[in-house]
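Dumping the structure here so I can ask a few things about it.
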Protein chains: 2
Amino acid sequence: MTTLVPVFAALGDDTRWSILTALGAGDASASALADQLPISRQAIAKHLAVLQEVGLVEPVRVGREVRFRVVGAQLGATARQLDEIGRQWDRRLESIKRIAESL
Amino acid sequence: MTTLVPVFAALGDDTRWSILTALGAGDASASALADQLPISRQAIAKHLAVLQEVGLVEPVRVGREVRFRVVGAQLGATARQLDEIGRQWDRRLESIKRIAESL
DNA sequence: CACATGTGCAACGCTTGAGTTGCACCCCAA
DNA sequence: TTGGGGTGCAACTCAAGCGTTGCACATGTG
């Protein structure tokens, strides 16, 4: 498993979400994304590197360009881990409640 | 619903996770947390403000101190939203597959 | 009341990250 | 083979975030 915190850090940026949603319309290269977004190609390339680092995005070579696709499974996996953590906290609250009720 | 991105930004920091896990042992004030963690009380107070801002933590006045408790439900809600987004991407891939197969 | 503990506010230094520009390289297509 | 679009690397600016220190204020407790 990829460590969780860097994934959240990657998801905690509006520009990266705009990149992810743009990629939702289909795989695209950094240059293609630069045409749709109001920032430079290099800025996008850096964001793609961050997203790739945490497994949210995957490079696909097509001819001389590098297109990127969203890895939906990684989103799901992260969601499950986060949900599990939430459940642990709920269980902890349950324990506290049981203790309180037994007084 | 609180907007999603700031929640991820809040969760994308190791120090804040150490605060959250410390709070897992029970509600605590910024001063109490400062005894367990290697950073100053004010730094912790800022982190708690960030966490409270996105609803991950809740203040509880106890006498003259302000203790904080983790809102597990917010973690669960965020997880569900993230999972839903992941499913949308999967569905999109499904659509692409169906198109490809119909050629 | 007086003291001490907990909190809040403000200013500062430092690091990190986002975004930019410029340039070099690679590789497909005409 | 040559030109142009795509990519990668490097250096720079600028803003934001983390953490610190110092001080003022409040509020229980002795």
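Here the structure is a predicted model, which is why all the values come from computation and not from measurement. Order of the sequence lines fixes the chain letters, A, B, ..., with proteins taken first and strands second; residue numbering starts at 1 for each chain.
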### Task
For residues 10-26 of chain B, pull every pair meeting side-chain hydrogen bond (donor to acceptor under 3.5 Å, both in side chains), keeping only residues two or more places apart or in separate chains.
B/Arg16-B/His47
### A/Val7 side chain reached by A/Gln74 side chain, heavy atoms, under 4.5 Å
yes
### Message
Is the shortest side-chain heavy-atom distance between A/Leu33 and A/Phe68 below 4.5 Å?
### Response
no
### Query
With a 4.5 Å heavy-atom cut-off, do B/Thr78 and B/Leu82 have their side chains touching?
no
### Task
Answer whether the closest heavy-atom distance between the side chains of A/Gln42 and A/Lys46 falls below 4.5 Å.
no
### Task
Any chance you could pull the hydrophobic cluster mates of B/Val60, using side-chain heavy atoms under 4.5 angstrom and chaining through other members?
B/Val62
### Query
So with a 6.0 Å cut-off around CD of A/Glu53, is the heavy-atom count from everything else above 12?
no
#### Entry: Results of side chain to side chain donor-acceptor pair (under 3.5 Å) for A/Arg41 - residues two or more places apart only
none
### Query
Can you check whether A/His47 has a side-chain N or O nearer than 4.0 Å to OP1 or OP2 of C/dG19?
yes
### Query
Which residues within residues 9-23 of chain B lie with some heavy atom under 4.0 Å of an atom in DNA chain D?
B/Asp13, B/Thr15, B/Arg16
### Message
Expressed as a whole number of angstroms, how long is the span from A/Glu53:CD to C/dG17:P?
### Response
12 Å
Report all interatomic pairs (protein N or O, nucleotide N or O of nucleotides 6-9 of chain C) with separations under 3.5 Å.
from  : atom 1 : to      : atom 2 : distance (Å)
C/dT7 : OP1    : B/Val66 : N      : 2.9
C/dT7 : OP1    : B/Val66 : O      : 3.3
C/dT7 : OP2    : B/Ser31 : N      : 3.3
C/dT7 : OP2    : B/Ser31 : OG     : 2.5
C/dT7 : O4     : B/Arg41 : NH2    : 3.3
C/dG8 : N7     : B/Arg41 : NH1    : 3.4
C/dG8 : O6     : B/Arg41 : NH2    : 2.8
C/dG8 : O6     : B/Gln42 : NE2    : 3.3

Grab the N/O contacts between the protein and nucleotides 11-16 of chain C below 3.5 Å, and write none if there aren't any.
none

### Spacing of A/Ile39 atom CD1 relative to C/dT21 atom C1', expressed in whole Å
15 Å
### Message
In the structure I gave you, are the side-chain heavy atoms of B/Leu11 and B/Leu20 within less than 4.5 Å of one another anywhere?
### Response
yes
### Query
Hey, are the side chains of B/Leu23 and B/Leu48 touching, using non-hydrogen atoms and a 4.5 Å cut-off?
yes
